[in-house]
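Positions are given from 1, in the same order as the sequence printed here.
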Amino acid sequence: MNIIIIEDEFRAAKSLQNLLSDLRPESKILAVYDSIEASVEGLSKEIKPDLIFMDIQLSDGLSFEIFKTVDISCPVIFCTAFDQYMLDAFKSKGVDYVLKPFSREDIAEALRKVDELKKFFRKNELPDIESILQKISQPAGKSNFLVFKNQKYTTIQTESIAYFYIHNEITHLVTFDKEQFQLSQPLGQVAEQVSGKQFFRINRQYLVNFKAIKEMEHYFQRKILVKLIIETPEKLLINKEKTHSFFTWLEDR
């Protein structure tokens, strides 16, 4: 595997080289660049890396500027001390987002993700026509839910629902106006009824509307904490195994 490192901190670059040498002795470090200018110049040549490790805050700006000048076709693993650029990173061919100071386990996990992606695309070189047709013909999702409250039935438009959640084994829906209603369906059934483009089941208890998401941040044990524009009874946490599919869903607009 041919690797390029874009990092302006000498110690971090050296540490990364040592870890890669240990974890992937067969790999080759093609170059180490310490700025946007040097990276653009180097990547504009005939150098074709299989993987790039990239810091975000470089001495002459944010590394996202590199993508505006150079066509990067390989996966990128972002290594940074800041977590506020996570969404931008996943929009820029990022396959993982490693916070400094990174450990051997962090880099090993990131390399494992790259290996899994390569295996997936090798097995799926030709498009699955049947799955594409299914997506094209997939219904937009249930447009409203019938609810009962205060001895009255009424319908709630799905687009006005911020999230669904389970409490005491009962499914509840919460609107953007903070109204709450109980449903007779289990959350799994609700998830099948609504649009997969609009709603994402971030864990066993919560199904959230894209429009309700305010921001995300790193949490303990490589989890992601999701914050909505309205309060939720519990913290919304996504485990590390589901992080990539969550950010892919966010980007698929």
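Distance alone, capped at 3.5 Å, places no donor-acceptor pair between the Asp177 side chain and the Glu179 backbone. Proximity of a side-chain donor or acceptor of Asp50 to a complementary backbone N or O of Met1 within less than 3.5 Å is not detected. Remark: side-chain polar atoms of Ser21 are not paired, donor with acceptor, to backbone N or O of Gln17 under 3.5 angstrom. Distance alone, capped at 3.5 Å, is enough to place a donor-acceptor pair between the Arg201 side chain and the Arg204 backbone. With hydrogens and angles ignored, the 3.5 Å screen pairs a side-chain donor or acceptor of Thr158 with a backbone N or O of Lys142. Checked by atom type and distance alone, the side chain of Ser15 never pairs as donor or acceptor with a backbone atom of Arg11 at under 3.5 Å.
Within the 4.5 Å cutoff, the side chain of Asn2 has no heavy atoms near those of the Lys48 side chain. The closest side-chain heavy-atom distance from Cys74 to Leu51 is not below 4.5 Å. At least one side-chain heavy atom of Ile52 sits less than 4.5 Å from a side-chain heavy atom of Leu43. At least one side-chain heavy atom of Ile29 sits under 4.5 Å from a side-chain heavy atom of Leu20. Residues Val32 and Leu16 are not in side-chain contact: their nearest non-hydrogen atoms beyond the backbone lie 4.5 Å or more apart. Side-chain contact between His218 and Ile224: present, with at least one pair of heavy atoms (C-beta onward) separated by less than 4.5 Å. You'll find the side chain of Asn203 stays beyond 4.5 Å of the side chain of Lys223, heavy atoms only. Between Thr80 and Tyr97 there is a side-chain heavy-atom pair separated by less than 4.5 Å.
Heavy atoms of other residues, nucleotides or ligands lying less than 6.0 angstrom from CD of Glu9 number more than 12. The 12-atom threshold is not exceeded at CD of Glu41, counting heavy atoms of other residues, nucleotides or ligands nearer than 6.0 Å. Heavy-atom contacts from other residues, nucleotides or ligands closer than 6.0 Å to NZ of Lys149 number more than 12. By the 6.0 Å contact criterion, CD on Glu169 is open, its count of non-hydrogen atoms from other residues, nucleotides or ligands being 12 or less. Residue Gln151 places its CD atom among 12 or fewer non-hydrogen atoms of other residues, nucleotides or ligands, all under 6.0 Å distant.
Linking ILVMFWY side-chain heavy atoms closer than 4.5 Å, directly or via other members, places Ile77 and Leu23 in a single hydrophobic cluster. Using a 4.5 Å cut-off between side-chain heavy atoms of Ile, Leu, Val, Met, Phe, Trp and Tyr, with links allowed through other members, Phe67 and Leu58 fall into the same hydrophobic cluster. Ile170 and Val190 fall into different hydrophobic clusters, where Ile, Leu, Val, Met, Phe, Trp and Tyr residues are linked whenever their side-chain heavy atoms come under 4.5 Å apart, directly or through other members. Ile3 and Val98 fall within a single hydrophobic cluster, where Ile, Leu, Val, Met, Phe, Trp and Tyr are joined by side-chain heavy atoms under 4.5 Å apart, directly or via other members. Phe145 and Ile166 fall within the same hydrophobic cluster, defined by Ile, Leu, Val, Met, Phe, Trp and Tyr side-chain heavy atoms under 4.5 Å apart, directly or through other members.
Aromatic ring pairs are classed by plane angle as parallel below 30°, tilted from 30° to 60° and perpendicular above 60°; the pair Trp249 and Phe200 is tilted.
Listed here is the closest heavy atom pair of Leu228 and Tyr163: CD1-CD2, 3.6 Å. Contact between Gln185 and Thr171 at its shortest, heavy atoms only, is O-OG1, 2.8 Å. The shortest non-hydrogen separation linking Glu217 to Lys227 is OE1-NZ, 3.3 Å. Contact record, Ser63 with Asp55: OG-O, 2.8 Å, taken as the closest heavy-atom pair. Shortest non-hydrogen contact noted between Glu159 and Asn209 is O-ND2, 3.9 Å. Closest approach of Arg222 and Thr243 over heavy atoms only: O-OG1, 4.3 Å.
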- Passes salt bridge (Lys or Arg N to Asp or Glu O under 4.0 Å), Glu109 versus Arg112? Steps please. CA-CA 5 Å; Glu109 174 68 12; Arg112 184 188 64 78; 2.5 Å; yes
- Given side-chain contact (heavy atoms from CB on, under 4.5 Å), test Phe181 with Ile161 step by step and report yes or no. CA-CA 10 Å; Phe181 302 90; Ile161 300 172; over 6 Å; no
- Determine, stepwise, if the pair Ser103 / Asp106 fulfils side chain to side chain donor-acceptor pair (under 3.5 Å). CA-CA 5 Å; Ser103 66; Asp106 292 332; 3.2 Å; yes
- Message: For Tyr206 and Glu234: C-alpha separation, side-chain torsions, deciding distance, then whether side chain to side chain donor-acceptor pair (under 3.5 Å) applies.
- Response: CA-CA 10 Å; Tyr206 284 85; Glu234 305 160 295; 3.1 Å; yes
- With side-chain contact (heavy atoms from CB on, under 4.5 Å) as the test, would you mind laying out the steps for Asn144 and Gln157 before giving the verdict? CA-CA 4 Å; Asn144 60 75; Gln157 296 295 310; 4.0 Å; yes
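Classification of Glu7 and Lys100 as a salt-bridged pair holds, one side-chain N sitting under 4.0 Å from a carboxylate O. In summary, Lys113 and Glu116 do not engage in a salt bridge, as defined by a charged side-chain N under 4.0 Å from a carboxylate O.
Between atom OG of residue Ser160 and atom NZ of residue Lys211 there is a gap of 10.5 Å, rounded to the nearest 0.5 Å. Note that OG of Ser59 and CD of Gln57 are 11.0 Å apart. Values are rounded to the nearest 0.5 Å. Taking CD of Glu65 as the reference point, atom CD1 of Ile36 lies at 5.5 Å (rounded to 0.5 Å). Annotation: the span from Lys178 atom NZ to Glu231 atom CD amounts to 6.0 Å, rounded to 0.5 Å. Taking CZ of Phe148 as the start and CG of Leu183 as the end, the distance is 13.5 Å to the nearest 0.5 Å. Atom CG in Leu111 sits 9.5 Å away from atom CG in Asp96 (nearest 0.5 Å).
The residue from Leu237, Leu236, Leu207 that alone fulfils the side-chain contact (heavy atoms from CB on, under 4.5 Å) condition with Ile202 is Leu236.
Taking the six-membered ring where the residue is Trp, the centroids of Phe102 and Phe53 are separated by 6.0 Å or more. Aromatic pair Phe164/Phe199: ring centres closer than 6.0 Å.
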